[in-house]
Every structure is written in C-alpha cells, then in structure tokens.
K.L.:
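Dropping a structure here in structure tokens format, bear with me for questions.
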Amino acid sequence: MTDILLNTKQKEAVLHTEGPLLILAGAGAGKTKTITERIVEIIKFGTDPRAILAVTFTNKAAKEMRERIISRLEDEHIIEKDSPYHHTPIIKTFHSLGLMMLSEQSEYIGLLKHPTILDSADSLSIIKTAIEQLGIDPKVNDPSKIRSIISREKGDFTSLSDYKKKVATAQMDIIASVWRIYDEELKRQKAVDFDDLIIKAVHMLEDHQQIREYYQSRFKYVHIDEYQDTNGSQYAFVKLLVNPKNNNICVVGDTDQNIYSWRGANLRNILNFEQDFPGTRTVLLEENYRSTGNILTLANTAIEKNTVRQKKNLFTSKGEGDKIDIVPTWDEGSEAEWVAEKCKTLIEEGQNAEQIAVLYRANFQSRVLEESFIRANVTYNLLGTKFFERKEVKDVMSYLRASINRLSQPDLKRVFDTPKKGIGKTTVAKIFAGMDVPASAQLKINKVYDFLDKISETLKTSPLSHVIQMIIVDSGMEQEMLEGSSEDRERLENARELVSLTVRYDEQLGMDALTQFLEETSLQSDQDNDTKDKNGVRLMTIHSSKGLEFEQVFVVGLEQDLFPHKNIGNRKQSKEEEEEERRLFYVAVTRAKKHLYLCYAELRTIFGQKQINAPSEFLDDVPEEIANHNDLYYKQGKSNVVYI
C-alpha cells in the first residue's frame, strides 16, 4: 500500500466516509488531494467506483480529479495500469451531469436523446429574433443584457411563470415577453441552453419519484467541489441527488473564495450546509502548501475584515519569504511599462515566463498591458481566447449537430451558409416556416440533407476524427479556405485542429463518441478554452485566475473604485455582495507562491477622461513589517527604462 502523506485535518476528512461532511479548505490547502484520497478510501473498502459521484465546475477540474484518482487506484493495485477495462467514479461538471441524466431519461421529458445545446451566441441570436418579433428597439433594450437577466433568473431557479408574477416595470414586462418566445423556440427546436441542463434535470428529479430514487440509489456517495459557488438551481440539484436515508454528501468550499455572486453564486448555500444536513462533521483545512508566510499574512489580515464568512487562519511551513512589493506609478502607461520590464528582467534572471501572472480587475485593463509587453518584446498569453467559439470551429460542429438534430435552426443556418451553396436567407426563412421553395433551391437543400445523412451514417462505422476530416473536405470548407487569404488558411488550421482534438475519442464508435465529444466541447469554461501554448507571461482577470497558482504575481490597478470596484447603479447590495471585492483581493493574493507585486496608478484614463485616483483600501491591509515600498515610477519609453 502506498503511503500518502496527509496532515491531521486532511486525514480526518479522508477517514470520515459516512454521513454529511463539510470541508472548509483555504486557498492552497490541498483540497483536491483530500477529495481524491477520500474517494480512494471509499473504493478500498469495497464500494463500486461507479457508485461515487464527484461534481466540479469546469472540465479542467474534472479532468484533473479523474487523472489523480485513476493514478491512485493504480498505485493501490485496485485497477491495472493502462487497462481500458476498469470502472471509475462518475466525475462530471454540473452541466455535464445534467446532460447525462437528461439523455438517459429523455423519454420522460420530451427531449432528444442527444439534444442540441445552444451556446451563448446561439441563445443571443434567438433573443434578437424575439426582440424583432415584438417590435422592440434593440438599442434601448440590449439583447445581451436581456439574455444575461434570463440566465441569471434561471440560475436562481426562477421559472418564467414565477418571473411574470414579480413583473413590476415596463422593462421586466419586455423581458418576460422575450423569455416566452425564447422558451417556445427552444421547445420547437428540441434544444436546450446551459441553464436548462440543470433546471430540466432538477424538474425531472422533482416530478418523477422513480427517477429520483434511481439516482439516489445509484450514487451512494456524492462529492461537490467549490460548493460556495453554487447558485439556486445547482443547490436544488445537489439536494435532490443525495439519498436522505444516509446523507452521504461531502462538500468542499471556502467562503472566502466566493467571487461569483454576479452570476448567481449564493454564499448562503455553504453557510447553511450544517442546517441542511444535520449531523454534519466540519473539517477546516488551514495549512497552505502554496504560498510563503508573508503572502498568507496579508491574505489573513485582509479577509478578517469580512463578517459573512466561516473563520479560519492560513499558515505554512515554508517560512516568511520575500516582502510584498507595493509599486506606485504615475499613470496606467507607467504601470504597464513597469510590469512588462520587470517581467522581462525576471525572465532574463531565469524565471519561467509561464510562472508569472498579471492579474487585473476589469477586462479593459488588458489593452495597455498588451501594448507594453509588445514594446518590451516579452511573450505573453491572454486568457480568454475561446477555441470552440471560433467561427470555423463552430461551422464544423454545426454539421455534426445538424446531422443528429434537423430541428436545430442555428446549426442548419451555418450548414446552409458554410461554405456558400447558393441558398439565400429568404430561402432559409421559407424552409424554417414550412413554405414551398423553388425547385432549383430544393435541389440544393436536398443535397445538404443528403450530406447530413452521410455524416450520421459514417458516424456509425468510422472514428469521430475521420468524420470531422470528411466534413472539412467534403463540405467544401477546405477548398474555400485554401483559395482564400492567409487569414482563411489560418482558420483552416483551426478547423483541422478539431481532427487532432478528437483522436482521443476514436476508441469508441457511433453516438457514444459523438455524445461525449459534444458534451465536453459544449460545456467549456474560460480556463477549459485556454488552448494557446502557455509559454508566456499570463495576463488575465482575477476571476479567471481562480484555481491557478504562479511563482510571481502582479496585481495591477489597485485604486479605489477600480479595485475595489465601484458598485454601478442603485441596486442595494447584500452584506455578502458588499464584501465580495475583498474576497476577490484574497483570491488574487493567494495565487502567488513566492513573490507578490501590488501596483497602482495615480492617474488613469477611464471613459476618455484622466482622473486622479486614491490608492486602494486593500493596500492598507499590508502590514508595514512585510511591505517593500517602491518609489513612484514614471514611464520611460522604449529605451532607458529604470527602476526607482
């Protein structure tokens, strides 16, 4: 038996396998290791791995957990190394779990076994059409904002009928009308959006006792990661999954890292866990294995000012480490230049560039940083390029989805239009309206449907990567892009990258491979979509950095009203929402392993206006004995850069 080193508290969590367990895990406290060992412990004592469910928020986290568990099961000789014939725990994101259950029980809820999942762009397209149908001015009623409000309400587990009851303004009435048309269109297409994957699964469990009891019996042990980030619908989902006879649920979370209230995450879910599941054992993981003592001193000092939290105090055996650099700069250009040149120096001194991160509060801050990194000739990597949202990639995916669901209008529109087939928008509109079209157009349409039939038939006998290769070539996309510009040829490389990505699904044939592929690619997070080579300094928002760690971390823009960010609008915030900016600062600080730089500008141009800024209140949290105060830095230009 392999001896895995666990500290006392981690061991307590691992060995408490029966009944409800709440693991409050501070940043860098080894929560993934603890969950992994707990699952291995349960399997070692005879539980079928398939009876264990673990739910995460991103495919990336699910993949990491799956790999760790398989590795440990191999170490323990519970499964044979490299053997494809073994069972493993069910490890899913919330959305992929909902999709799995809806697919398994599709006959009960009137969905296709492999429903089309609309991404944000497809959803927005339907919203825009609904606004046109209602004769509403999209400039006054922003479609993106309406889509976000509908998504937020669905995440809070509010139905359309519930929303209609609380309509109190003309704008809310418009949103309700758009929502109604949006829902009708999804039903007509037999499609779902991301929110529906959870909501429909919850309704299915609520409405069908035999299905609910089946899953409660099937999943004997339930694990939920990042529980502080669950919204209303996810909370309801979790409660319905747990068997009330034994309440074998283990949740891991940290009230201090709840930073997603703007998209519905409800801190009260973790705060009320012990009330929801009486008899809960609570274990605090406070030993940090990531950061030095001075970094943790700042993290603890800052977060202690929050009142809506479960108290804990991070500590480490790594020693105090470097002092924290506080860097005042003249303006945003000076700040960006200082950061870029400092990164260049660090790299020249031997620091791996991918172990350096520059974190900012708002997306607009990235522009001036990128310009300075380019001038300094420092390779950087901007998190957020979403491979699966590229047009050429979505085109190929639409052929796949349309081959199994002819009712998916967004996919059919792409198929009719890419590459150009001489089928105009008017003809497409007539097709969707069930109207007759000219014979010449009908021939072109039939040719498209024949090709979609060919795809679905080929899927039964050929590997998925071969099918995608066929789509790219036989659809005419490859030829069209080869004959185009250099940008078109770059797009072709992206489309071909899909072939490379799907090789790992080639051990399976038919719908199983396609279902798994569509599931994983439809439910991507920002980090999941970060497909660029990571050979440069990472530039990203603090929200995107959650769960990551770096040797050197720069936090920029530490000014009042920027970070902490000013609350825009008159909506009254709850206490936990008011304290979220400080939790965000805590997350930023605890990304750093060795050295932390806190930067701010005395002048910053926002909305075209230069304004004088007060330093962020968070800088006051840095104890004087661990602070290294830099002198004010002025932009030097391309040459003669100095540090003062």
Side-chain angles (χ1 to χ4, degrees), residues 3-16 21-38 225-228 250-259 267 270-271 273-274 281-326 355 357 359 542 545-553 555 579 582-598 618-628:
D3 182 30
I4 297 296
L5 292 176
L6 297 168
N7 65 39
T8 303
K9 287 296 182 180
Q10 288 173 334
K11 193 175 293 183
E12 180 184 345
V14 167
L15 296 178
H16 185 79
L21 174 66
L22 170 61
I23 303 175
L24 294 175
K31 68 180 180 66
T32 304
K33 177 181 179 181
T34 304
I35 297 176
T36 297
E37 291 306 314
R38 187 176 192 271
D225 194 15
E226 304 286 8
Y227 193 66
Q228 79 280 349
C250 166
V251 303
V252 186
D254 181 3
T255 51
D256 296 333
Q257 294 188 72
N258 171 272
I259 59 172
L267 188 57
I270 193 168
L271 291 171
F273 182 82
E274 292 163 305
R281 169 81 68 90
T282 301
V283 178
L284 267 64
L285 302 185
E286 298 174 293
E287 183 170 359
N288 178 286
Y289 294 93
R290 175 188 299 157
S291 307
T292 59
N294 286 338
I295 291 169
L296 296 183
T297 295
L298 170 56
N300 289 328
T301 302
I303 204 64
E304 278 175 2
K305 293 185 178 180
N306 275 4
T307 58
V308 185
R309 63 187 291 258
Q310 289 147 318
K311 290 188 178 181
K312 62 184 176 311
N313 195 66
L314 296 179
F315 65 92
T316 183
S317 59
K318 287 180 174 287
E320 291 182 356
D322 297 340
K323 287 189 174 184
I324 293 165
D325 272 294
I326 297 177
Q355 278 297 315
L359 310 181
I542 300 166
S545 76
K546 188 167 176 286
L548 304 177
E549 58 182 38
F550 305 92
E551 300 274 336
Q552 312 270 341
V553 170
V555 184
E579 295 182 346
R582 188 168 291 277
R583 294 196 296 273
L584 195 57
F585 180 64
Y586 173 86
V587 167
V589 167
T590 54
R591 298 313 93 199
K593 295 163 76 173
K594 289 186 176 179
H595 203 105
L596 180 65
Y597 305 86
L598 304 179
F618 298 149
L619 294 171
D620 297 333
D621 296 331
V622 186
E624 197 56 40
E625 63 272 16
I626 67 171
N628 179 36

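Numbers for residues simply follow the sequence, beginning at 1.
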K.L.:
Counting C-beta onward and ignoring hydrogens, is there a side-chain heavy-atom pair between S291 and T316 closer than 4.5 Å?
P.N.:
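No, too far: nothing below the 4.5 Å cut-off.
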
K.L.:
If you define the side chain from C-beta out and look only at heavy atoms, does anything of Q228 sit under 4.5 Å from Q257?
P.N.:
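Heavy-atom side-chain distance check passes, below 4.5 Å.
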
K.L.:
Using side-chain heavy atoms (C-beta onward) and a distance below 4.5 Å, is L271 in contact with Q310?
P.N.:
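Side-chain contact under 4.5 Å: yes.
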
K.L.:
Can you tell me how far OH of Y597 sits from CG of L359, rounded to the nearest 0.5 angstrom?
P.N.:
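Interatomic distance, L359 CG to Y597 OH, rounded to 0.5 Å: 13.5 Å.
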
K.L.:
Identify the two heavy atoms, one from A592 and one from V553, that lie closest to each other, and give their separation to 0.1 Å.
P.N.:
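A592 and V553 have their closest heavy atoms at CA-CG2, 3.6 Å.
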
K.L.:
Going by the side-chain contact (heavy atoms from CB on, under 4.5 Å) test, name the single residue among N306, L584, I303 that passes it with E579.
P.N.:
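With E579 as partner, side-chain contact (heavy atoms from CB on, under 4.5 Å) holds for just one option, N306.
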
K.L.:
Main chain of D322, side chain of N294: is a donor-acceptor contact present, judged purely on distance under 3.5 Å?
P.N.:
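Yes.
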
K.L.:
Looking at K312, R583, R582, which one forms a side-chain hydrogen bond (donor to acceptor under 3.5 Å, both in side chains) with D256?
P.N.:
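With D256 as partner, K312, R583, R582 yield a single side-chain hydrogen bond (donor to acceptor under 3.5 Å, both in side chains), made by K312.
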
K.L.:
side-chain contact (heavy atoms from CB on, under 4.5 Å) for T255 and V308? Distances and angles first, verdict last.
P.N.:
CA-CA 8 Å; T255 51; V308 185; over 6 Å; no

K.L.:
Quick one: are L24 and D254 in side-chain contact, heavy atoms under 4.5 Å?
P.N.:
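No, side chains not in contact.
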
K.L.:
Does any N or O in the side chain of E226 come within less than 3.5 Å of the main-chain N or O of G253, such that one atom is a donor and the other an acceptor?
P.N.:
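No, the answer is negative, given that no donor and acceptor are paired below the 3.5 Å cut-off.
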
K.L.:
Taking atom OH of Y586 and atom CZ of R591, what is their separation to the nearest 0.5 Å?
P.N.:
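The distance works out to 8.5 Å.
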
K.L.:
So, does N288 use its side chain to make a donor-acceptor pair with the main chain of A29 at under 3.5 Å?
P.N.:
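The answer is no, because no donor-acceptor pair under 3.5 Å joins these two groups.
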
K.L.:
So which atom in V589 and which in I295 form the shortest heavy-atom distance, rounded to 0.1 Å?
P.N.:
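Result for this residue pair: O-CG2, 3.5 Å.
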
K.L.:
I'd like to know whether R290 forms a side-chain contact (heavy atoms from CB on, under 4.5 Å) with K318, so could you lay out the CA-CA distance, the side-chain angles of the two residues, the decisive distance to 0.1 Å, and finally the verdict.
P.N.:
CA-CA 9 Å; R290 175 188 299 157; K318 287 180 174 287; 5.7 Å; no

K.L.:
Can you tell me how far the OG1 atom of T8 sits from the CD atom of E287, to the nearest 0.5 Å?
P.N.:
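One gets 9.0 Å once the value is rounded to the nearest 0.5 Å.
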
K.L.:
Would you say L596 and L298 make side-chain contact, with heavy atoms under 4.5 Å?
P.N.:
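A side-chain contact under 4.5 Å exists here.
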
K.L.:
Where do R281 and E12 land on the salt bridge (charged side-chain N to carboxylate O under 4.0 Å, His left out) test, with the steps shown first?
P.N.:
CA-CA 10 Å; R281 169 81 68 90; E12 180 184 345; 3.2 Å; yes

K.L.:
Tell me, do K546 and I259 make a side-chain contact under 4.5 Å, heavy atoms counted?
P.N.:
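In contact.
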
K.L.:
Is any side-chain heavy atom of T34 closer than 4.5 Å to a side-chain heavy atom of L285?
P.N.:
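A side-chain contact under 4.5 Å exists here.
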
K.L.:
Taking the inter-plane angle between the rings of F618 and F585 on a 0 to 90° scale, is it parallel (under 30°), tilted (30 to 60°) or perpendicular (over 60°)?
P.N.:
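Geometry flag for F585 against F618: parallel rings.
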
K.L.:
Looking only at heavy atoms, what is the nearest atom pair of P623 and T301, with distance?
P.N.:
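Heavy atoms of P623 and T301 come nearest at CG-OG1, 4.1 Å.
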
K.L.:
N313 and E304: side-chain contact (heavy atoms from CB on, under 4.5 Å), yes or no, with the steps?
P.N.:
CA-CA 9 Å; N313 195 66; E304 278 175 2; 3.9 Å; yes

K.L.:
Before you tell me yes or no, could you show the steps for E274 and T282 under side chain to side chain donor-acceptor pair (under 3.5 Å), namely the whole-Å CA-CA distance, both residues' side-chain angles and the distance that decides it to 0.1 Å?
P.N.:
CA-CA 8 Å; E274 292 163 305; T282 301; 2.7 Å; yes

K.L.:
Measuring only between side-chain heavy atoms, which start at C-beta, is I326 closer than 4.5 Å to L619?
P.N.:
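Yes, at least one pair of side-chain atoms sits under 4.5 Å.
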
K.L.:
If only atom types and distance count, is the side chain of E551 paired as donor or acceptor with the main-chain N or O of K594 below 3.5 Å?
P.N.:
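Side chain of E551 to backbone of K594, a donor-acceptor pair under 3.5 Å: no, none is there.
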
K.L.:
State the CG-CD1 distance between D225 and I35, to the nearest 0.5 angstrom.
P.N.:
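It is 4.5 Å, given to the nearest 0.5 Å.
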
K.L.:
One pair to check against side-chain contact (heavy atoms from CB on, under 4.5 Å): I270 and L22. What are the steps and the verdict?
P.N.:
CA-CA 9 Å; I270 193 168; L22 170 61; 4.0 Å; yes

K.L.:
Under 3.5 Å, is there a donor-acceptor pair between the side chain of R38 and the main chain of H16?
P.N.:
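Such a contact is found between R38 side chain and H16 backbone.
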
K.L.:
Looking at N7, is its backbone amide N or carbonyl O close enough to the side chain of Q10 to form a donor-acceptor pair, meaning the two atoms are under 3.5 Å apart?
P.N.:
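Yes.
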
K.L.:
Rounded at 0.5 Å granularity, tell me how far CG in L314 sits from OG1 in T590.
P.N.:
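Spacing of CG (L314) from OG1 (T590) equals 7.5 Å.
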
